[in-house]
Structure formats: C-alpha cells, structure tokens
Amino acid sequence: MSTPMEPRETGKFISENSKDVFVVTEGVRSLAEKLLEKIALKEITLKGWKMLHELNPQGSGEDAVNWVFFADTLNFSFWSENQDKKYLVRYKGKEYSGYWSFCAAINRALDEGIPITTPSYYSEITLEQLQHVFRSDTSVPITMIETRLKILHETGKILMKNFGGSFLNCVKLSKNSSVKLMQLVVENFPSYRDEAVFQGQKVAFYKRAQILVGDVWGVLEGKGDGYFNDIEKITMFADYRVPQALVHFGVLKYSENLLKKLKEGWMFQNGDQEEMEIRGCSIWAVELVCKQLKRLLEESEEKLNIDINSILINNFLWDFARDNRKLVDVVPFHRARCIYY
C-alpha cells in the first residue's frame, strides 16, 4: 500500500468521512475565544512545558533530550482498568498517577543511580530490573511491562547502532525541521509507526512521534537544536485525554451509539473505525481551533506576541483534562490498550 497520509491530512480525511464523531463549528469558535483569554493571561507558552511540570527535565543538555526520548518511547497506555485501583508512584513526598507516575518512576530510578535513560543500559535491561524501576506504591503494576521491555531493547539497540547511543544525534540530523525529525523517528524506530487503514486509505496519527518532537522543542526551549522552523506542521497528539477535553468544550460531538459504548466501558481495538474517528477528528478539530485562534490574535487590539500552534493548544487541553477529571469524565475516554497512546 502507498505511503500513509501525514497526520494533518489524516485528520481532515477522517473528519470528512466520519459517521460517529463530528467537529462542531460553533465549538471551534468558542474554544478559540477561551484560548485567546488564556494567552492574554500568559497561561499558554512554551515555557510552561518546564514551569508547569516539575517532573519534566529542567535542564537543556544531552541527558535531558535522552530523558525525553526514553519517556516518549514508553509513553503509552497508563489508564487504569479500575478507577479505584491505580498504578501510583510516591516521589519526593507526592503521589502521582497516570503518565506522571511513570515520569516519577524514571526520576526515582535516576536518583537511585540507575541510568535508566541511557540507551546502552536499557538496550540490555532485564525484566526484573525494569519491574524494579517501575515498581508501584500500590498493588497495581504498570501496564504492558513485557511489551515495554521489548520496545526498550529494540529502540536502545537501534540508537546504539545508528545514532551513536544518543537521541540528540538524531535531533541534529533533522536540521531544525520538525517534520524531518518526525520522519526520522518513524522510519528508524518501529514502535513509533502509528498507522492504520481508514476506508481503504492508509493513514497516520503518529501521536508518540509528534509528542517526541514537541517535547524536544519544550526541553530545548525552542533554541539551538530544538529550534524548528516548521513547528506549526506538527498536529495535536491523538490520545484518549485530549478528545475528552474537546468534547467538554463542545468542539467534538459523538453519536448516541458511540456514547453508549463509551459509557459501557467498551474496549476498542487500535484501528477500529470509531477509535480512528475519535483520533482523526481530534486532530482536525485542533487544526481548526488553531486557525481560528490565529485569526483572533491578528484581530486582537492587544498585541499578544505568541506564535500559536497545535502543540501549545494540545498541551493546554491535556493539562485541562488531567486537572478537571470530574468535568471531562462525564463522557468517558475511549479505552484502547495499545502502544501508540
């Protein structure tokens, strides 16, 4: 089959052919107006990647880039089957859940002298060692541990063989192009190939590859090797939390049939029609919100000096969904256990 559509084209194509998920024009406009207020209050900035998230690396060197690559290589499937029993990690006096419990475990391991983010180490790590690194402070273990082990071995060996054992070398090869970096990642690391077939057309979501680009941009603060002259070409990261926020803000609407499945806790398979519709329509919805927001920024009397893009919008929505669970959980997230998000 031919080369897949890029994520933006994927989003547009799916939204135009979607049967159970719909992008609402009025919701797009309304969210763009809300985001304009957040920008005026300086609540949406690249600096927020570090300032708002204490577990993210605060440095900007090679170690920080390798931390980001390790984290995004395993950045999938942190949701709990049972909301009363979760994988939790206590770190520096705080208890973390979901994705942040995973980040806390990485930092805990580094504090213990375990070089978990070093490719030469994790390419050979044993299951027992990995279980120790990601040990839980509850009886619930991290999900998919054997799969995570396999991906680390594969990814670490590729990094050692092709990139001198450092992801920063891969970043340098992109020559300040976010699209080139995304392509390098997808071409070289099999676990990042988040592709599917929708109505006979090969499509790509590339959630983890794109979030990796966004996180490199964040950790390097958009400077030096982390300056990307085409950062606006990266779309939102199609996961299970951001769609919830988009539904909450009235940007996405689900059919009664899909809502019923979500409320019953239906387990979707990666590549199911409804699952792809949720992810694809989320991509396109954020593209439309971004376009509308740029228009509002141009018309604004306050000269707000910000180059808005889908990454910044995505990060705001993801944080909103995490911080406002009761609001967004009115419509449950779609459950799909896979390595892509």
Side-chain angles (χ1 to χ4, degrees), residues 42-80 82-122 125-145 148-149 151-152 156 166-168 208 211-212 214-221 226 237 239-241 314-326 328 341:
K42 293 188 168 56
E43 290 181 25
I44 299 178
T45 66
L46 176 56
K47 288 179 181 175
W49 192 90
K50 289 182 179 179
M51 286 169 56
L52 299 177
H53 304 298
E54 62 205 8
L55 294 176
N56 281 343
Q58 298 301 304
S60 295
E62 185 175 17
D63 288 347
V65 172
N66 282 326
W67 187 102
V68 159
F69 180 70
F70 176 86
D72 286 328
T73 295
L74 298 186
N75 186 355
F76 55 83
S77 213
F78 297 113
W79 56 272
S80 304
N82 184 335
Q83 290 305 299
D84 297 322
K85 292 183 179 178
K86 295 183 177 183
Y87 170 69
L88 299 174
V89 172
R90 291 189 191 94
Y91 178 66
K92 292 189 174 178
K94 287 188 183 179
E95 192 171 69
Y96 297 94
S97 66
Y99 171 71
W100 293 121
S101 60
F102 162 71
C103 294
I106 296 173
N107 292 345
R108 178 180 63 186
L110 292 171
D111 289 352
E112 292 170 352
I114 301 168
I116 188 61
T117 58
T118 302
S120 58
Y121 178 78
Y122 64 72
I125 195 171
T126 66
L127 179 60
E128 190 178 21
Q129 287 171 322
L130 194 63
Q131 284 171 328
H132 174 73
V133 166
F134 289 125
R135 65 192 182 276
S136 178
D137 282 303
T138 67
S139 60
V140 182
I142 195 169
T143 61
M144 302 174 78
I145 190 74
R148 294 180 196 278
L149 180 73
I151 288 174
L152 281 182
S166 175
F167 186 64
L168 186 58
R208 280 177 38 235
I211 201 170
L212 176 55
D215 286 349
V216 167
W217 185 55
V219 80
L220 296 180
E221 299 171 19
F237 318 131
D239 70 346
Y240 49 89
R241 281 291 177 203
N314 176 96
N315 292 351
F316 169 81
L317 292 171
W318 191 85
D319 285 343
F320 180 89
R322 281 276 308 180
D323 296 342
N324 297 275
R325 289 284 180 83
K326 286 182 179 173
V328 300
Y341 62 98

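Excluded from the calculations below are hydrogen atoms, water molecules and symmetry mates; all remaining heavy atoms, backbone and side chain alike, are included. Because the structure is a prediction, the values reported are computed rather than measured.
- Counting only heavy atoms from C-beta outward, the side chains of I106 and I116 approach each other to under 4.5 Å.
- Side-chain atoms of K50 do not come within 3.5 Å of backbone N or O of G218 as any donor-acceptor pair.
- In this structure N82 satisfies the side chain to side chain donor-acceptor pair (under 3.5 Å) test with no other residue, sequence neighbours excluded.
- Using modelled atom types, one side-chain atom of S166 and one backbone atom of L168 make a donor-acceptor pair closer than 3.5 Å.
- Panel note: side chain K47, backbone E221; no donor-acceptor pair is recorded below 3.5 Å.
- Partners of S77 under the side-chain contact (heavy atoms from CB on, under 4.5 Å) rule, at least two apart in sequence or in another chain, are W79, T143, M144, R148, R337.
- Distance alone, capped at 3.5 Å, places no donor-acceptor pair between the Y91 side chain and the C103 backbone.
- Applying the side chain to side chain donor-acceptor pair (under 3.5 Å) rule to R90 yields the partners E95; only residues at least two apart in sequence or on another chain are considered.
- Scanning for side chain to side chain donor-acceptor pair (under 3.5 Å) contacts around D239 gives W318, with sequence neighbours left out.
- With rounding to the nearest 0.5 angstrom, the CG atom of L317 is 13.5 Å from the CZ atom of R241.
- With hydrogens and angles ignored, the 3.5 Å screen pairs no side-chain donor or acceptor of R208 with any backbone N or O of Y341.
- Every residue two or more places apart in sequence or in another chain that forms a side chain to side chain donor-acceptor pair (under 3.5 Å) with K94 is listed here: E54.
- Not one N or O on the side chain of N315 forms a donor-acceptor pair closer than 3.5 Å with the backbone of W49.
- Side-chain contact check for N107 and W67: at least one donor-acceptor pair (N or O, by modelled atom type) lies under 3.5 Å.
- Using modelled atom types, no side-chain atom of D215 and backbone atom of F69 make a donor-acceptor pair closer than 3.5 Å.
- Looking at residues two or more places apart in sequence or on another chain, you find a side-chain contact (heavy atoms from CB on, under 4.5 Å) between T126 and E128, Q129.
- Residues S136 and T138 have side chains that bring a donor and an acceptor to within less than 3.5 angstrom of each other.
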